[in-house]
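Data first, discussion second: the structure below is written as structure tokens.
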Amino acid sequence: MELIVTEKDNAARRIADILSGESYDSSRENGVNVYEWGGTRCVGLSGHVVGVDFPPEYSDWRDVEPVELIDASVEKTATKENIVATLRILARQAEEATIATDYDREGELIGKEAYEIIREVDEEMPIRRVRFSSITENEVRSAFAEPEELDFDLAAAGEARQTIDLVWGAALTRFLSLSSGQLGNDFISVGRVQSPALKLLVDREREIQAFDPESYWEIVADLEKTEGGEDFESQYFYLDEEGNEAERVWEEEAADAATADLEGATTATVVDVDRRSRTDAPPAPFNTTQFIRAASAIGISAKRAMSIAEDLYTAGYITYPRTDNTVYPDDLDPEELLGEFSGHPTLGEDADSLLESEEIEPTEGDEETTDHPPIHPTGEIPTRGDVDDDEWKVFELVVRRFFATVADDARWEHLRVESEAAGRSLKANGKRLVEAGYHAVYPYFSTSENYVPDVEVGEELAVGEVECTGKETQPPRRYGQSRLIETMEGMGIGTKATRHEIIQKLYDRGYIESDPPRPTQLAMAVVEAAEEFADRVVSEEMTAQLEADMDAIASGKAELEDVTQESREMLEEIFENLADSREEIGDHLRKSLKADKRLGPCPECGEDLLVRRSRHGSYFVGCDGYPDCENTLPLPSTGKPLILEEECDEHGLHEVKMLAGRQTFVHGCPLCKAEEAGEGPVLGECPDCGTQEGGELAVKTLQNGSRLVGCTRYPDCEYSLPLPRRGEIEVTGDRCEEHDLPELLVHNGEEPWELGCPICNYREFQARENGSELEAIEGVGEKTVEKLAAAGIESIEDLSTADPDAIADDVEGVSADRVRGWQAKA
DNA sequence: GCAAGGTC
């Protein structure tokens, strides 16, 4: 029996498909799919099935000095035990094996992991390696026709990376965590990829903080072509000291003078007309980074885009989404693929128009790699019911990107008109899309035009309105997630499969907040500490050196042991310098952690008010002076608090936003909220105690910011009705006839929400809730729910405790036996 | 309970 091992199940199935001529049998062993035909079995791993770690005696952070990890041995252990077990079983029954993992460095290492597992079982069996960049009939068949050998040097290069990443990451992570006392869930991490990525964000934040805005003015004049009266905007410019065109005027007097001159002029003379045609070439095929960038431009986050792409890939609609490649393989026949879309209701027309072109020559990007093809559609098209809206959006994006890569160039016409009025220069830049080219099939790039009419040199134009606008220079912008991923790619840190996950890791570690991500004080302190003592770990240099070392190992010019040993020695040196600064670093980190939780001064004792977490996991505001000062303020129970930059004018406390997915809302200053708490307008008589005790219903705000309609006799009367958490409540003049209460309006967003009478609203809400509850019982439909409600059965509890015969009497068309059946199911 | 890299 021959055993074929691939990197993932999906690849195993497709290879089985190709090599068996679609006639394989599949079975499951330990939860792992095995594909079998003729004398061959094919199994897919799940990426790495073994991982590196220190021996167990190093696992307690407090028992081991971080520096000891540098010379600790690094062991490999199975991380996917069921897959490893399956591989062993299959290997015992095999006479030969073929490693068919991905054609890249990490694939070679994963292949070696499989090789070693097979070798443990059988020392003699021939084990070959096949390499192919895309799983197509041609490539797979020709790879299997001429199998090669595993490249142990290339795999060793991967192992060097594993060891160095673990040793540096673990030793420095433990050092910072121990020095600041951050053990448990809130440890402080450092790594070759995460730390330089974090430094990018921190450096940008430093620039923003150090930014000093400067005032300037820009002047725009309306020019009119006298005949026909077409008008267009022209911007004032001058030549600066270096002789370059400049539009920004840095002195107010100069701006005023230029504006006055232009306002005084009645005509401007055209002094130069420059027309040029620009070719706008279609984009290259998608690699992972460019795909993420394009998805984020249509409002889909990096994380979500990758998760959707993964699903579309698994379902067979698009190719593998983790790739560096931007050149389509020779096997891809663009015409054939376009043909698959022909006749499709929304994509067919564009495919057909592309097929009409005489020559179809796809664009190529700069990066040609062997890992996988660029992301493109497979030709399988989901129907709209198969996928949700976002999935379709992403699928369409991938399809249209493919369309764009086989489409024609677009052509723009640029028209620059320079004129002079009262000795002042004005310019206008017009652009027009004269040939839509690929834009016709790829509508994701802006094609906005700027109209400037046809004029001739010497032509006189009327000067219309002149506008001088004062502006300020802006600080550099924060990185958005897709921009950060692009920058990381440019620096060579992380991989196609991990960059977006690294960003998530920074969120999870409390290093960044919000979106676009903003570094916390903790992040600033971690980067500062690293810069001072372990600059390598926050610089891209470490990766660059590692890449060079890995190339040397792969090409046989260096040994794995020498490279890791040299790296260990560098880390030793770092630890020699760190030793004396342990307390200082710990103090700084602790202070920064506190600063991230700080709201502002405590009004009772002047210490800091901090966002804290109770033993039960809920958040509240407490004083740093505790236990001397016991001042606390409540926070809403939903969501995780985010401290905003905005401060409350009255108390000098930062405002708080509650992050809770779609229910995220700004809570504001917790002290203001606490002061506002209390009773609002009275609505009417309390239905519970009004007639006897004279209680009245009022809108109340609780200390934690939530609101309700409650009785003024609380706590003697506990009658209450819920209100929405967000928005202003308006009490209208209209009253509900049934309950004699005013109708309420909620202002939250543009359209006010008509909540109506609070009792009716609550009843409806309950009916909906209970209705769905009863509908969950098999055999109970919407109509039955209505009938049961009429008989007073509104919840499962009502149903379970009711007498079946009584229900049968009350409800038409329902027998007592049927009710008993429901009760049994409920 | 550390990293980064695969994959789900």
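Residue numbering restarts at 1 for every chain, and letters A, B, ... go by the order of the sequence lines. These numbers were taken from a predicted model, which means no experiment stands behind them.
- Within 4.0 Å of A:Arg62, counting heavy atoms only, lies no atom of the nucleic acid at all.
- Note on A:Val190: only backbone sugar-phosphate atoms sit closer than 4.0 angstrom, heavy atoms only; bases stay farther off.
- A cation-pi arrangement is found for A:Lys8 relative to A:Tyr320, the charged atom lying closer than 6.0 Å to the ring centre and inside a 45° cone about the ring normal.
- Here A:Lys505 reaches the OP1 or OP2 of B:dA4: one of its side-chain N or O atoms lies under 4.0 Å away.
- The pair A:Arg322-A:Glu310 meets the salt-bridge criterion, since a charged nitrogen lies less than 4.0 angstrom from a carboxylate oxygen.
- Side-chain proximity of A:Phe187 to the nucleotides B:dA4, B:dT7, B:dG1 is greatest for B:dG1.
- Counting atom types as modelled, A:Asp9 pairs no side-chain N or O with a base atom of B:dC8 as donor and acceptor under 3.5 Å.
- Using a 4.0 Å heavy-atom distance criterion, A:Asp53 is classed as a base contact.
- The separation between A:Leu154 atom CG and B:dG5 atom P is 15 Å, rounded to whole Å.
- When distances are taken from the side chain of A:Glu310 to each of B:dG5, B:dC8, B:dG1, the shortest belongs to B:dC8.
- One atom, CG of A:Leu45, and another, C1' of B:dC8, lie 14 Å apart when rounded to the nearest Å.
- Atom P of nucleotide B:dC2 and atom CD of A:Glu75 are separated by 19 Å, given to the nearest angstrom.
- Counting any heavy atom pair closer than 4.0 Å across all strands shown, A:Ser46 reaches a base atom.
- Between A:Lys496 atom NZ and B:dG6 atom C1' the separation is 10 Å, expressed in whole Å.
- With rounding to whole Å, A:Asn10 atom CG is found 17 Å from B:dG6 atom P.
- Which of B:dT7, B:dC2, B:dC8 sits closest to the side chain of A:Phe54 comes down to B:dC2.
- Residue A:Tyr320 is classed as a sugar-phosphate contact, given heavy-atom separations below 4.0 Å to backbone atoms only.
- Comment: A:Glu113 does not engage A:Lys76 in a salt bridge, judged by the lack of any side-chain N to carboxylate O separation of less than 4.0 angstrom.
- Among the atoms of the strands shown, base atoms are found under 4.0 Å from some heavy atom of A:Glu501.
- In terms of polar N and O atoms assigned as donor or acceptor, the side chain of A:Ser189 never comes within less than 3.5 Å of the base of B:dC2 in a complementary pairing.
- A:Gln194 comes within 4.0 angstrom of the backbone, heavy atoms only, and of no base.
- For A:Ala497, whose side chain is taken as the heavy atoms from C-beta onward, the closest listed nucleotide among B:dC2, B:dT7, B:dG5 is B:dT7.
- In this structure, CD of A:Glu7 is placed 9 Å from P of B:dC8, rounded to the nearest angstrom.
- Proximity of A:Arg322 to the phosphate of B:dT7: a side-chain N or O atom is located under 4.0 Å from OP1 or OP2.
- Among the atoms of the strands shown, only primed sugar atoms or phosphate atoms (P, OP1, OP2) are found under 4.0 Å from some heavy atom of A:Arg192.
- Side-chain atoms of A:Asn33 and A:Ser26 form no donor-acceptor pair, as typed in the model, at a separation below 3.5 Å.
- Taking 4.0 Å as the cut-off between side-chain N and carboxylate O, A:Lys496 and A:Asp104 count as a salt-bridged pair.
- Nucleic acid contact class of A:Ser59 (heavy atoms, under 4.0 Å, all strands): base.
- Between A:Gly184 and A:Asp104, the residue anchored closer to the 5' end of DNA chain B is A:Gly184, taking for each the nucleotide with the nearest heavy atom.
- Separating the CZ atom of A:Arg568 from the C1' atom of B:dA3 is a distance of 14 Å, rounded to the nearest angstrom.
- Both A:Asp165 and A:Thr314 lie close to DNA chain B; mapped to their nearest nucleotides by heavy-atom distance, the more 5′-ward contact belongs to A:Asp165.
- Remark: of the listed residues A:Arg129, A:Arg128, A:Glu2, A:Glu2 is the sole one forming a side chain to side chain donor-acceptor pair (under 3.5 Å) with A:Thr98.
- Contact annotation for A:Gly494: backbone-only contact, meaning every heavy-atom pair under 4.0 Å involves sugar-phosphate atoms and none involves a base.
- Ionic pairing of A:Lys640 and A:Glu513 is not present here: no N-O contact between side-chain nitrogen and carboxylate oxygen is shorter than 4.0 angstrom.
- Under the stacking criterion of a centre-to-centre distance below 5.5 angstrom and an interplanar angle below 30°, A:Trp61 sits stacked against the six-membered ring of B:dG1.
- Computed from coordinates, the A:Leu172 CG to B:dG1 P distance equals 21 Å when rounded to whole Å.
- Regarding contacts with the backbone of B:dC2, every side-chain N or O of A:Ser177 stays at 4.0 angstrom or more from both OP1 and OP2.
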